[in-house]
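Read the structure below first, then the notes.
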Amino acid sequence: MAECQLCGNTDAYIRFGTELLCLDCYNEKMFKKLGIKAKSYPEGVTIRDGEGKVHRLRLRKLLDPIGIIMEAIAEESDGFQFVVHGELDADQEELYLQLIAKAEIGMAEVYVEQGQFPNGKSYDTLKNNLGWENCL
């Protein structure tokens, strides 16, 4: 993990000019530039997917000249990532609720199905995708 060049936090991932910053330092710079403050919100949420597995999503809120960007990113390496965007004067609590609803809907869907070839070997395929049996 990279270190924030302002506060030393080891979770720096945002490039701001030549600086590498953590989310808090970046949002503080944007507050000074834009006059919009990031409101407090939970750092993460837990959501159950369509197969019943529990996933912890890390939440991030970025203040940017183009608006407010909120992300929910799975802490595991399973690829779940959801983003919503609002204007700078958007209701941040409403954006948060939109993000959670988007994540719940997206995670409720089952995207991968397991199948079995005639020889007994198993395979994974995208749900609603043409399987091998439809290609004959």
Side-chain angles (χ1 to χ4, degrees):
M1 295 188 135
E3 188 173 298
C4 178
Q5 293 175 315
L6 293 181
C7 72
N9 183 331
T10 58
D11 192 21
Y13 67 96
I14 302 171
R15 286 248 172 243
F16 188 76
T18 59
E19 295 176 306
L20 185 60
L21 305 175
C22 67
L23 181 61
D24 290 337
C25 289
Y26 174 80
N27 279 341
E28 187 60 32
K29 279 188 173 272
M30 287 294 106
F31 167 65
K32 290 175 182 173
K33 183 176 181 174
L34 304 170
I36 303 293
K37 187 92 172 155
K39 293 185 180 174
S40 179
Y41 60 96
E43 289 184 11
V45 295
T46 302
I47 298 176
R48 191 174 303 275
D49 68 17
E51 296 178 332
K53 182 180 175 192
V54 174
H55 300 267
R56 176 130 173 97
L57 302 176
R58 182 174 182 188
L59 302 179
R60 295 178 175 166
K61 183 188 299 182
L62 290 89
L63 302 177
D64 195 83
I66 65 167
I68 299 170
I69 302 163
M70 293 190 72
E71 305 172 317
I73 304 167
E75 290 184 353
E76 303 92 24
S77 60
D78 51 18
F80 286 111
Q81 182 174 0
F82 304 94
V83 179
V84 294
H85 174 268
E87 300 296 325
L88 285 172
D89 61 351
D91 182 336
Q92 293 182 36
E93 292 172 11
E94 182 61 33
L95 277 178
Y96 169 75
L97 294 174
Q98 287 175 15
L99 179 64
I100 299 305
K102 186 175 187 176
E104 287 174 338
I105 291 167
M107 292 179 72
E109 180 73 26
V110 176
Y111 297 96
V112 178
E113 290 181 319
Q114 291 186 336
Q116 195 170 39
F117 290 112
N119 66 3
K121 296 214 179 228
S122 64
Y123 65 89
D124 293 331
T125 185
L126 294 176
K127 190 173 182 179
N128 300 323
N129 194 22
L130 292 177
W132 69 270
E133 63 276 353
N134 294 321
C135 297
L136 298 176

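Each residue takes its place number in the sequence, starting with 1.
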What's the shortest heavy-atom distance between [X] and [Y], and which atoms?
X: R56; Y: G44; answer: NH1-C, 3.4 Å
X: Y123; Y: Q116; answer: CE2-N, 3.3 Å
X: Y96; Y: P42; answer: OH-CG, 3.5 Å
X: A103; Y: L57; answer: CB-CD1, 3.9 Å
X: F82; Y: G106; answer: CE2-CA, 3.9 Å
X: A12; Y: C4; answer: CB-N, 3.4 Å

When you measure from the side chain of [X] to the backbone N and O of [Y], does any donor-acceptor pair fall under 3.5 Å?
X: N27; Y: L63; result: yes
X: K61; Y: I68; result: no
X: D49; Y: G52; result: yes
X: Q92; Y: K37; result: yes

Rounded distance (nearest 0.5 Å) linking atom [atom1] of [X] with atom [atom2] of [Y]:
X: R60; Y: E43; atom1: CZ; atom2: CD; answer: 11.5 Å
X: D64; Y: H85; atom1: CG; atom2: NE2; answer: 7.5 Å
X: D24; Y: I14; atom1: CG; atom2: CD1; answer: 9.0 Å
X: L23; Y: R58; atom1: CG; atom2: CZ; answer: 8.0 Å
X: E3; Y: D11; atom1: CD; atom2: CG; answer: 12.0 Å
X: K29; Y: L6; atom1: NZ; atom2: CG; answer: 5.5 Å

[Y] reachable from [X] in the ILVMFWY side-chain graph, under 4.5 Å edges:
X: L20; Y: L62; answer: no
X: I66; Y: L88; answer: yes
X: Y41; Y: V84; answer: yes
X: M107; Y: I73; answer: no
X: V83; Y: L99; answer: yes

key: Parallel, tilted or perpendicular: ring planes of Y26 versus F16, cut at 30 and 60 degrees   =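 Rings of Y26 and F16: perpendicular, as their planes differ by over 60°.
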
